[in-house]
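Okay, structure first, notes after.
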Amino acid sequence: MRQTLVAGNWKMNGSKDSITALLDGIEQGLDAVNSNTEVAVCAPAIYLPLVAEQMNGTIVKWGGQTLSKEASGAFTGEIAASMLLDFGCEYAIVGHSERRSLYGETDQDVADKYAAARAAGLKPILCVGELLEERESGDTENVVARQLDAIIDQEGVEALADGVIAYEPVWAIGTGKTASPEQAQEVHAFIRGRVAEKNADVAEKVQILYGGSMNAGNAADLIGQTDIDGGLIGGASLKPEDFLTICKA
Ligand code: PGA
């Protein structure tokens, strides 16, 4: 059986004080989280040492929000997979729609970052998802397939077993508009089916998270769907009570 994973994506939010308080709040509620649920937070890189210090010894894992496709060298401002590992990261988000739309990351960049994370022993959380226009024009499956195939073509389908997939419809991110459980399940089943065409074992194993305005009120219905194995949570991951409610869903 696949484990449930609830991962917070803090994006560019927080301060030393607010992050300390957030982690304190999360830590206090962890006892009530089911042992089949993995919990992770993806923090702004500069706060990773703080997260590592505070979460060490708890069930909470942590990760970066992006990484360089390069291993080291003259790449000003970038952070390498080995640096994330140096601070105990288990995960790195790759291909978040904000990276794709605001920083011009292409499918090829995302595949290279996936490869860099995987080669270093990090678990990439690969984000895929369609824009509103793409959904309205009936292109959701084509877009998601293209984003997925970028990894499969470069790394082989087995590479997906070393990571996590997050389906995040772009129109639902930070908008308060969540995909309905049925809409999300439909795309999750499509993703798993596409992986299964290449390798049924990998399809059965890979965790597929939903992301996009998941909150304390809708998490249980979403995570209750057959092919939804957890959530990638933005806004609601900044509030300990809401994040914990999702972890318990
Ligand atoms: P949201 O963000 O929960 O605030 O919609 C999700 C994400 O961007 O990963």
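For ligands, and for the atoms within them, numbers begin at 1 and follow the listed sequence.
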Among all residues two or more places apart in sequence or in another chain, which pass the side chain to side chain contact (heavy atoms under 4.5 Å, CB included) test with A43? W10, L48, V51
When hydrophobic residues are tied together by side-chain contacts of less than 4.5 Å, even through go-betweens, does V41 share a cluster with I223? yes
Transitively linked via ILVMFWY side-chain contacts under 4.5 Å: V206 with Y91? no
Provide the full list of ring-ring contact (aromatic ring centres under 6.0 Å, His included) pairs with a residue in residues 148-199, sequence neighbours left out, each pair given once. Y167-H188
To which residues is V143 joined in a hydrophobic cluster, defined by side-chain heavy-atom contacts under 4.5 Å among Ile, Leu, Val, Met, Phe, Trp and Tyr, whether direct or through other members? none
Residues with a heavy atom under 4.0 Å from ligand 1, by chain and number, are N9, K11, H96, E168, A172, I173, G174, G212, S213, L232, I233, G234, G235
I'd like to know if E204 pairs up with R192 as an ion pair, taking the criterion as any Lys NZ or Arg NE/NH1/NH2 lying under 4.0 Å from an Asp or Glu carboxylate oxygen. no
